[in-house]
Amino acid sequence: MEEQIRKLYVEVSSRCNLRCKMCFRQSWVGERFGDLDPAVFARVMDEPVLRDTGTVFFGGMGEPLVHPALAEMAALASARGKTAELVTNGTLLTREKVQELLHAGISRIWVSIDELYENYGKIQVGS
């Protein structure tokens, strides 16, 4: 039985637009934050080991929507026959951004919500 990668998780950015109280990133000291180089992502997408991978999931500890080339990377994954999905805190989603992502091939957007009411701004600081 041959092993295969069914879902590839990609952290396109370790940066985030929020400072959530419960996020363990708040305890990191001296951590450098940055974005994945789209050229590196393109090389990864060309790896033979990913030929049969069904899904590319954009997420991680950073907020994917802060990456300026997210839609281009999603379009590349989609062009390679992959299902493209992402998880976001939702604060950067606009009608235009959603249209851009759908056009790029994102088929599912997961929104992470930690509070719905009065404590939302206290928990998801910067939202």
How long is the span from the CG atom in L92 to the SG atom in C16, to the nearest 0.5 Å?
8.5 Å
When rounded to the nearest 0.5 angstrom, what is the spacing between CD in E63 and CD in E11?
11.0 Å
Taking a hydrophobic cluster as the set of Ile, Leu, Val, Met, Phe, Trp and Tyr residues connected by side-chain heavy atoms closer than 4.5 Å, whether directly or through intermediates, do V12 and M45 fall within one such cluster?
yes
Same apolar cluster (I L V M F W Y, side chains within < 4.5 Å links), F57/V40
no
In Å and rounded to the nearest 0.5 Å, what is the OG to CG distance from S107 to L101?
11.0 Å
Donor-acceptor pair between S112 and N89 side chains, under 3.5 angstrom
no
Give the cluster check for L8 versus I106: same hydrophobic cluster or not, with ILVMFWY residues linked at side-chain heavy-atom distances below 4.5 Å.
yes
Donor-acceptor pair between Q4 and T53 side chains, under 3.5 angstrom
no
For the residue pair A84 and G105, what are the closest heavy atoms and their distance?
CB-O, 3.8 Å
One should read off an interatomic distance between T55 OG1 and Y9 OH, to the nearest 0.5 angstrom, of 8.5 Å
V87 to G59 - nearest heavy-atom pair and separation:
CG1-CA, 3.7 Å
If every non-hydrogen atom of K7 is compared with every non-hydrogen atom of E85, which pair is closest and at what distance?
NZ-OE1, 4.1 Å
If you look at every heavy atom in A42 and L76, which pair is closest and at what distance?
CA-CD2, 3.5 Å
Are W110 and L70 connected into the same hydrophobic cluster when the rule is that any two of I, L, V, M, F, W, Y join if their side-chain heavy atoms are below 4.5 Å apart?
no
Calculate, to the nearest 0.5 Å, the distance between atoms CG and CZ belonging to D46 and R51 respectively.
13.0 Å
Shortest non-hydrogen contact from L36 to H67?
O-NE2, 2.7 Å
Spatial distance of atom CG (L93) from atom CG (L65) [nearest 0.5 Å]:
5.5 Å
Of all heavy-atom pairs between F41 and M73, which one has the smallest distance, and what is that distance?
CE2-O, 3.2 Å
For residues I5 and V44: do they belong to one hydrophobic cluster (side chain heavy atoms under 4.5 Å, members Ile, Leu, Val, Met, Phe, Trp, Tyr)?
yes
With a 4.5 Å heavy-atom cut-off, do P68 and D35 have their side chains touching?
yes
